[in-house]
Number of protein chains: 2
Amino acid sequence: MTYSIGDVVKKTGLSAYTLRYYEKEGLLPFVKKNASGVRAYSDEDLRWLTMIECLKDSGLQIKEIRQYIEWFNEGDSTLAQRLSLFENRRKILEKEMARLTVVMNKIRYKELLYREAVRVGNLDIATNERRFQHLKKKLFESPDDFDK
Amino acid sequence: MTYSIGDVVKKTGLSAYTLRYYEKEGLLPFVKKNASGVRAYSDEDLRWLTMIECLKDSGLQIKEIRQYIEWFNEGDSTLAQRLSLFENRRKILEKEMARLTVVMNKIRYKELLYREAVRVGNLDIATNERRFQHLKKKLFESPDDFDK
DNA sequence: ATAACACCTAGAGTTTACTCTAGGTGTTGA
DNA sequence: TCAACACCTAGAGTAAACTCTAGGTGTTAT
């Protein structure tokens, strides 16, 4: 079973431009073409696109994904490099999630504060209400840096 | 108390280039300059930089941050717009965290799998071990899309 | 007084990941 | 047969967020 580029656009949501670009960047080294140059994607190619999406979502750049694919195609001699890539990614994702949690708290504080400010029609009044002062102290190291 | 651009570089970790760029983009509308054009940042400006960092970390683009700052400076007539901005951000951050959780599971699976593959020296053997087949089924909708 | 240093502006250059254009090929239904 | 359609390549263009260069000003330590 093979698929035209139009089929793959429908299946993946990627544009045809992007699919050709990925190929040019070495992310799909085994896509077949017929005599007149028209691409025929295999199920294997589609699985690679799934993996590429995952690696992209994890924050890898395209050249890093290409490196991974090269390692994969070199076989078991590159297992250690690939393990190391996934370890680093996991650590980076952990940091990223911790960072997002901190940001989320700040944004949620702002959302609550502005909900109250809209209710009373005045930001300063809301900011000085005891429960927001309290919340701010609980959430931030330097609370007054956060009144902008 | 005021600070030179060099002081602010040390305090924030931003480059002087970036600080001037932010100013050019309207993120620091009130930085004072002396007669010969040298910047003197106030504590208020530093608080704005803290807020800008938070908004950037939440995923806002620079032009959106400028919009927020403009709204802030217009006063209480823009409370509703600012509330709406924070609501949207909170929703986007929730989605982002959910997305990262999914990616994290996949990367952790890969890390475990490759740790075992390195141990036995062969990726296929590790992939076919019962516990990894089991883990894969538990984690993914289309498990075989994930063997790349 | 002169060299080092920190700062300035305007504008050009960089990086990443696309996105599009121009000009062309091959297939197919009326 | 001929128009519509899907596809092709090479290369140019875009957006965002910096980052740097060139050429200049003002201050300070020796």
Side-chain angles (χ1 to χ4, degrees), chain A residues 2-42 45-46 48-69 89 92 96 99 103, chain B residues 2-42 45-46 48-69 89 92 96 99 103:
Chain A
T2 67
Y3 310 88
S4 73
I5 199 167
D7 296 336
V8 179
V9 165
K10 279 171 213 139
K11 273 177 189 284
T12 62
L14 298 170
S15 73
Y17 299 140
T18 301
L19 286 166
R20 294 194 200 101
Y21 166 68
Y22 281 0
E23 202 178 322
K24 192 156 62 179
E25 293 298 313
L27 303 196
L28 294 165
F30 299 130
V31 174
K32 297 237 170 66
K33 299 186 185 180
N34 72 15
S36 44
V38 176
R39 289 168 181 79
Y41 293 83
S42 65
D45 294 325
L46 294 185
W48 267 115
L49 282 169
T50 303
M51 187 62 196
I52 288 166
E53 190 198 352
C54 173
L55 293 174
K56 252 175 57 66
D57 283 352
S58 84
L60 282 194
Q61 290 183 1
I62 280 175
K63 61 184 171 189
E64 296 171 300
I65 299 177
R66 178 181 49 224
Q67 173 68 272
Y68 173 74
I69 291 171
R89 257 321 101 180
I92 287 169
E96 179 67 4
R99 195 184 63 76
V103 173
Chain B
T2 66
Y3 310 88
S4 73
I5 199 167
D7 296 336
V8 179
V9 165
K10 279 170 214 141
K11 272 177 189 283
T12 63
L14 298 169
S15 73
Y17 300 141
T18 301
L19 286 166
R20 294 193 200 101
Y21 166 67
Y22 282 180
E23 201 178 323
K24 191 155 63 180
E25 293 299 312
L27 303 196
L28 294 165
F30 299 130
V31 174
K32 297 237 169 66
K33 298 187 186 179
N34 71 15
S36 45
V38 176
R39 289 167 180 78
Y41 293 83
S42 65
D45 293 325
L46 294 185
W48 267 115
L49 283 169
T50 303
M51 187 63 196
I52 287 166
E53 190 198 352
C54 172
L55 293 174
K56 252 174 57 64
D57 283 352
S58 84
L60 281 194
Q61 291 182 0
I62 280 175
K63 62 184 170 188
E64 297 171 298
I65 299 177
R66 177 179 51 223
Q67 172 69 271
Y68 172 75
I69 291 170
R89 256 322 100 181
I92 287 168
E96 180 67 3
R99 193 183 65 74
V103 173

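Numbers restart at 1 for each chain; the letters A, B, ... are given by sequence-line order, proteins then strands.
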Legend entry - Per-nucleotide protein contact string for nucleotides 5-17 of chain C (B base, S sugar-phosphate only, - none; heavy atom under 4.0 Å): --SSB------SB

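- Summarising the geometry, the separation between CZ on B:R66 and P on D:dA17 is reported as 10 Å, rounded to the nearest angstrom.
- Remark: A:R99 engages A:E96 in a salt bridge, criterion side-chain N to carboxylate O under 4.0 Å.
- You'll find the side chain of A:L46 reaches within 4.5 Å of the side chain of A:K11, heavy atoms only.
- Rounded to an integer number of Å, the gap from B:E25 CD to D:dC18 C1' is 10 Å.
- Judged by distance alone, with hydrogens and angles left aside, the side-chain atoms of B:D45 form a donor-acceptor pair with the main-chain N or O of B:S42 at under 3.5 Å.
- Considering only heavy atoms from C-beta on, A:M51 comes within 4.5 Å of A:Y68 through its side chain.
- With hydrogens and angles disregarded, a donor-acceptor distance shorter than 3.5 Å links the side chain of B:R66 to the backbone of B:E25.
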